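Structure, as structure tokens:
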2 protein chains.
Amino acid sequence: MNTSDKAASGRRATISDVARQAGVSPGTVSNAMTGARRVDEHTRARIDAAIAQLNYVPNLSARSVRTGRVNSIAVLSSMPSAVSAGTSRLGFMMEIAASAAIAAIEHNMALVLVPPLPDPEATLRNIPFDGALLIEPARDDPFLDLLRRRSTPVVAIGTPPDSTMAHVDLNYGATTELLIRHLHDSGARCFPLIIGASDRASYAVTEQAYRAHATQQGMRPQVIRVPEHRGEGGARDAICQALHENPGIDGVLVPVDALATGVMQGLRDLGRSVPGDVRVVTRYDGLRARSEVPALTAVDLHLDVVAGQAISLLLRVVAGTAGADEVVHAPPPALVTRPSSGG
Amino acid sequence: MNTSDKAASGRRATISDVARQAGVSPGTVSNAMTGARRVDEHTRARIDAAIAQLNYVPNLSARSVRTGRVNSIAVLSSMPSAVSAGTSRLGFMMEIAASAAIAAIEHNMALVLVPPLPDPEATLRNIPFDGALLIEPARDDPFLDLLRRRSTPVVAIGTPPDSTMAHVDLNYGATTELLIRHLHDSGARCFPLIIGASDRASYAVTEQAYRAHATQQGMRPQVIRVPEHRGEGGARDAICQALHENPGIDGVLVPVDALATGVMQGLRDLGRSVPGDVRVVTRYDGLRARSEVPALTAVDLHLDVVAGQAISLLLRVVAGTAGADEVVHAPPPALVTRPSSGG
DNA sequence: ACTCGCTATTAAATCGATTTAATGGAGTGA
DNA sequence: TCACTCCATTAAATCGATTTAATAGCGAGT
């Protein structure tokens, strides 16, 4: 059944065990497995037999020490968990992660999940990865700085605050215009924009598109910024106050889904009907948007495609065949009409 | 700013660079970092200073070669993707993964996502992990066999088909009884059970509880098994045929959410109203159940808690402080009443 | 003064792979 | 026959950490 004492002693077979069994040197086994150099056909056959016989599985850590690559990609999001997680912990990040995991594995890369945490530095110190997917980073994103210092390849999903970074463009402008036009078409003439208070490109672009629409339509623009860490509660308070000051509000543009459910709570508290009195639209078409009553009109961002684009861009950055500031564009967003806007 | 030529040459600092800078040996630096042995207070201070100065981050692969541990846990699901993923790729697995990632990181473990794939063997060969979370394994689960051969520690979520394996008990029996009682209370007197065709403990236990109810209430039991790979379509066909043969059906117990949405499609096709003509209940309260119209009555399985239980059990199995057949019990399931059952 | 024990430290071995530089043999051409 | 190239293979160096076994220094006990 076997060759040496060591190999029989129950521990995992090593490349040397295989080499001994096949009557070759470890280097040759390595070449046969990785394909780094040619190996004679007959020799290769003996090696393959030995591998099968010893049930050999290469030690990936040992390989990584030499190659300097660990074959894994991290998905990072520093969005406060009040927003990114919520009760069911699903959402934007997990939807991307699910598709990214599949795309990654097709390139023999593992996908590791790095949830938002109080101490990002200590967290990253213990997780090995060759590159990272960073989800909609804010300007003061704690992960971003760490990754820069480590000079780890990064691809952002969504335009990053400083544009000197490879990313997948999520078409923030087109998405906002889609939502605004729909709000307008569904009869809304006076609607505030509710966004988070941190400095994200998505907020900036959204605000810009919103203000453009307002001036064009002669609507008085009202941009409400809610601290992200307050989550739903902050949005609820915000809409209540806004309606108190201006009862004529007949719609709300609230791109972040967690803030949207907060708005819905506020409207229920005030006894306003949706979509009768107020039409509500949000951006991300996730669990929250769909299980709200009534369900929220949202946008299909094609996140499965986006995840695939991000992974292949990242792999190219890691390999050095793409610049560290290359940009790819997500497919055009598509409106998903639901009852919250009268659809 | 630095010490040796090598350290200045732009490459990542190693433990030797730190040692040189602090005027000690690499072994002492290692001891200071890992806490394996005592290190004098003053020495430690010099080492900490050197670490900060050189921006040293330990090479995790090198560490792993020695320790034999890689500090990561895989989440595996071999449920065919027609069921586990679906359009939006969310679901049971991702909900567990999200909470498990947080629980894992709190123990300095990374969580890697391993989606269902055509070639499980090749997949696992390239992913390093110390232990695995296996989601509701079937009897012929391809991952299970691989993990056994590698003698990798595993914890199943949900009772596995052969019970010789550590797992978190998801209370299949109690869950089914909850759903059946609710169906009965909502007026259903003749309802089939629709489950997948593969050999899972959840199906077996569910079927048993269902048959017990049937004999007790004098209802003719009808258990319909749908091939899992056919997903929604299979369930739609199944309910259509069942209603054709027996128009008196006034409810459906369909625990798998992907099959439940198939049933809803079938009922729409036949023009049956839900919950008016037929009451429908499912088990997993995910995206599908919530975004169905009308939304489906389901069960809160407390998956966030379950994920935490699974991770800590797995860590104990890895450490050897828990038997490879230990069982922990999930919190009792709670009914989530929705319109599909008239709630 | 001498031994014993204890602590902090170090030099060297080790983990399991990849990669480099060296080697031997076969084939070619003059 | 000799010199030369080409090829598959190997021995040894290497990656960066941890761990073992050895050592120096010091204080206490007799």
Side-chain angles (χ1 to χ4, degrees), chain A residues 4 6-7 9-48 50-51 54-71 108 125-128 130 150, chain B residues 4 6-7 9-48 50-51 54-71 108 125-128 130 150:
Chain A
S4 91
K6 274 180 163 181
S9 69
R11 79 180 209 309
R12 239 174 85 167
T14 71
I15 200 171
S16 300
D17 297 328
V18 174
R20 202 175 311 121
Q21 171 94 348
V24 298
S25 76
T28 302
V29 177
S30 174
N31 287 327
M33 298 204 61
T34 62
R37 332 176 83 73
R38 291 201 44 74
V39 169
D40 184 87
E41 195 185 344
H42 302 93
T43 312
R44 179 183 295 271
R46 292 210 314 285
I47 291 175
D48 288 346
I51 287 175
L54 298 176
N55 195 20
Y56 170 66
V57 181
N59 181 320
L60 298 175
S61 303
R63 173 177 294 173
S64 295
V65 175
R66 251 345 288 240
T67 62
R69 308 192 54 225
V70 293
N71 291 311
N108 280 329
R125 190 184 287 280
N126 293 304
I127 300 184
D130 300 313
R150 280 216 218 171
Chain B
S4 91
K6 275 183 166 180
S9 69
R11 80 179 208 309
R12 242 174 82 167
T14 71
I15 200 170
S16 301
D17 297 328
V18 174
R20 201 175 311 122
Q21 170 95 346
V24 296
S25 77
T28 303
V29 177
S30 174
N31 286 328
M33 298 204 60
T34 62
R37 331 174 84 73
R38 289 200 48 74
V39 170
D40 184 87
E41 196 186 342
H42 302 94
T43 311
R44 177 183 297 271
R46 292 210 314 283
I47 291 174
D48 288 345
I51 287 175
L54 299 177
N55 195 20
Y56 169 67
V57 181
N59 180 320
L60 299 175
S61 303
R63 175 177 293 174
S64 294
V65 175
R66 259 332 299 235
T67 61
R69 307 192 55 225
V70 292
N71 290 312
N108 281 327
R125 189 186 289 280
N126 293 305
I127 300 182
D130 300 313
R150 278 215 217 171

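Proteins come first, then strands; the chains are lettered A, B, ... in the order of their sequence lines, and each starts at number 1. If you're wondering where the values come from, they're calculated on a predicted model, not measured in any experiment.
- Closest approach to the Y56(B) side chain among dA17(D), dT18(C), dT10(D) is made by dA17(D) (side chain taken as heavy atoms from C-beta onward).
- Between N59(B) and R12(B) there is a side-chain heavy-atom pair separated by less than 4.5 Å.
- Here T28(B) reaches the OP1 or OP2 of dT10(C): one of its side-chain N or O atoms lies under 4.0 Å away.
- At whole-Å resolution of the value, CG in N59(A) and P in dG16(D) are 17 Å apart.
- In this model, the phosphate group of dG16(C) is not approached by any side-chain N or O of T14(A) to a distance below 4.0 Å at OP1 or OP2.
- Residues D40(A) and A62(B) both approach DNA chain D. Their nearest nucleotides, taken by heavy-atom distance, put D40(A) toward the 5′ side.
- Phosphate contact (OP1/OP2 of dA11(D), side-chain N/O of S25(A), threshold under 4.0 Å): absent.
- Projected onto DNA chain C by closest heavy-atom contact, P26(B) and V65(B) fall at different nucleotides, the more 5' of which corresponds to P26(B).
- Following rounding to the nearest Å, I47(B) (CD1) and dA8(C) (C1') show an atom-to-atom distance of 11 Å.
- Look at CG on D17(A): it is 13 Å from C1' on dC15(C), rounded to the nearest Å.
- Separating the CZ atom of R20(A) from the P atom of dT9(D) is a distance of 19 Å, rounded to the nearest angstrom.
- If you take CG on D40(A) and CG on N31(A), they are separated by 13.0 Å, rounding to the nearest 0.5 Å.
- In this structure, the CZ atom of R46(A) is 11 Å from the C1' atom of dT9(D), given to the nearest Å.
- For dT9(C), one of the phosphate oxygens OP1 or OP2 lies less than 4.0 angstrom from a side-chain nitrogen or oxygen of T43(B).
- Spacing between atom NE2 of H42(B) and atom P of dT7(C) amounts to 18 Å, rounded to whole angstrom units.
- Judged by distance alone, with hydrogens and angles left aside, the side-chain atoms of R125(B) form no donor-acceptor pair with the main-chain N or O of V57(A) at under 3.5 Å.
- Within residues 29-38 of chain A, the residues approached by DNA chain C to less than 4.0 Å at the level of any non-hydrogen atom are S30(A), T34(A), R37(A), in residue-number order.
- Judged by distance alone, with hydrogens and angles left aside, the side-chain atoms of R46(A) form a donor-acceptor pair with the main-chain N or O of A22(A) at under 3.5 Å.
- For the residue pair N108(A) and N71(A), the shortest heavy atom distance occurs at O-CB, 3.8 Å.
- Closest approach of N126(B) to L60(A), counting heavy atoms only: C-CD1, 3.5 Å.
- Taking 3.5 Å as the limit, the base of dT14(D) and the side chain of R66(A) contain a donor-acceptor pair of atoms between them.
- Note: CD1 (I15(A)) to P (dT19(C)) measures 11 Å, nearest angstrom.
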task: Give the C-alpha distance, both sets of side-chain angles, the deciding distance and a yes or no for salt bridge (charged side-chain N to carboxylate O under 4.0 Å, His left out) between R11(A) and D17(A).
output: CA-CA 11 Å; R11(A) 79 180 209 309; D17(A) 297 328; 3.2 Å; yes
